[in-house]
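Model, not experiment: these values are computed from the prediction. The residues of the chain are indexed from 1 along the displayed sequence. One-based numbering, in listed order, for ligands and for the atoms of each.
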Amino acid sequence: MKWRVPLADIDLGQNEIAAVLKVLKSKWLTMGNVTEEFEKQFANYLEVKYAFAVASGTAALHIAHQVLGLTKGDEVICPSLTFVATANSILYTGATPILADITSPGDLNMSPESVLEQITSRTKAITVVQCGGYPCNMDRIMEIAKRYHLYVIEDAAHAPGAEYTGKKIGTIGDIGCFSFFSNKNMTTGEGGMIVTNNGQLAEKIKRMRSHGMTTLTWDRHKGHAFTYDVVDLGYNYRIDEIRSAIGLIQLNKLNENNERRKTIVQLYRKYLESMSDISLPFTEYRGKPSFHIFPSLLKEGISRKDFIRELNKKGVQASVHYPPIHQFTYYKKKYNYTEGMLPKTEIVGKRELTLPLYPTMSDADVSYVSNAVQETIESLVSKRKCVS
Ligand SMILES: *Cc1c(COP(=O)(O)O)cnc(C)c1O
């Protein structure tokens with residue numbers, strides 16, 4: 001399908017291509033000095049002590065939960081309205097993800113009150129997702145975590161560059177996880193980053209990324225070591241130099257691209273805010289978002305399927321963020337989840353519609369999509385009137 005306006009697109013150019021060629025010509029392809037530089041610059045950007053580049057955002061989340069020492073019987077509270085990797089990565093460790101509800105249709109982030117309700121003697125951590133790049137109420141989450149002695153993991157896949165009370169998102173909890181998948185605010189194709197200020201956790205994270213080994217091929221190449229020990233059951237979650245080279249260029253464009261995303265969101269709001277059949281979450285927000293996606297909520301009674309089909313006919317791609325995790329077959333079967341357990345999440349899961357948002361989108365594209373939305377509403381509402 002060739003879209004007039006796709007859901008997402010990548011700002012990728014000659015600089016990334018040149019950086020990749022340079023790596024290929026160097027013939028050192030996996031974790032080496034380019035990855036070290038990527039980690040250093042990412043840590044500097046976030047003003048955090050340690051940053052470890054990994055193969056994906058999911059790998060980052062898996063390691064983050066693993067190094068907390070979670071096992072069977074432990075519980076970790078996370079939202080249901082997120083990408084499935086958030087909960088999967090908890091499940092990988094043997095622990096149980098306990099799903100919490102969102103705050104409201106205006107604030108799609110996990111509700112701290114819902115988190116409180118789910119805390120038991122088995123709770124070990126809270127995993128927050130900065131939904132759409134909009135910071136959640138981290139003050140309240142950290143306060144709850146402190147009171148109940150829980151770790152906080154930030155799934156910051158949507159939020160590189162976002163800020164909350166003067167701190168970068170991802171650096172407020174114990175560990176922050178980023179994804180550089182192709183539709184994220186910065187990309188390496190596949191890739192991720194784990195950040196922390198905790199030296200002990202950093203040591204473990206570093207080892208888990210590479211088979212629990214005490215030294216890397218790179219260390220041995222540099223002559224720093226000639227053998228290694230294995231002290232943990234680790235994984236191969238390494239990134240390669242090719243992707244780190246792309247990441248370095250992408251990181252340098254992140255602020256500018258997040259600013260452009262903000263301008264696009266403001267423009268969308270100007271066009272869409274007055275429409276009565278669609279509402280826009282995050283009219284109010286905390287701190288400085290990274291504007292990862294542009295979610296909207298269709299009024300009850302409007303068929304989302306028909307809406308998306310109409311938009312598609314006009315060449316506009318649209319999507320849903322997210323089908324709630326507790327409604328997926330795998331999770332429903334495993335935990336016997338029932339309809340109505342997370343009412344706010346379920347309403348949003350049914351009515352949410354995500355419109356295109358990416359930094360290379362032109363003002364004309366935003367106007368085109370907004371017009372397409374307006375026309376779609378008009379045609380669906382008039383059809384509904386004819387029927388009734
Ligand atoms: C993209 C995403 C992930 C997973 O990242 P990958 O790099 O695709 O593994 C995890 N959580 C959230 C909220 C995401 O959006």
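Near ligand 1, residues S56, G57, T58, L61, T82, F83, A85, T86, V129, D155, A157, H158, S179, F181, K184, G191, Y322 come within 4.0 angstrom through at least one heavy atom.
Here H292 pairs with H158 under the ring-ring contact (aromatic ring centres under 6.0 Å, His included) rule; sequence neighbours left out. When the side chain to side chain contact (heavy atoms under 4.5 Å, CB included) test is applied to A225, the partners found at least two apart in sequence or on another chain are T215, R220.
Clustering of Ile, Leu, Val, Met, Phe, Trp and Tyr by side-chain heavy atoms under 4.5 Å joins I77 with I98, M110, V115, L116, I119, I126, V128, M138, I141, M142, I144, Y148, L150, V152, Y164, I169, I172.
For the pair R4 and Y368, the distance from NZ or CZ to the six-membered ring centre is under 6.0 Å and the angle to the ring normal is within 45 degrees.
Taking the ring centroids of Y358 and F291, they lie at or beyond the 6.0 Å cut-off.
Side-chain contact, T96 with R122: no donor N or O sits under 3.5 Å from an acceptor N or O.
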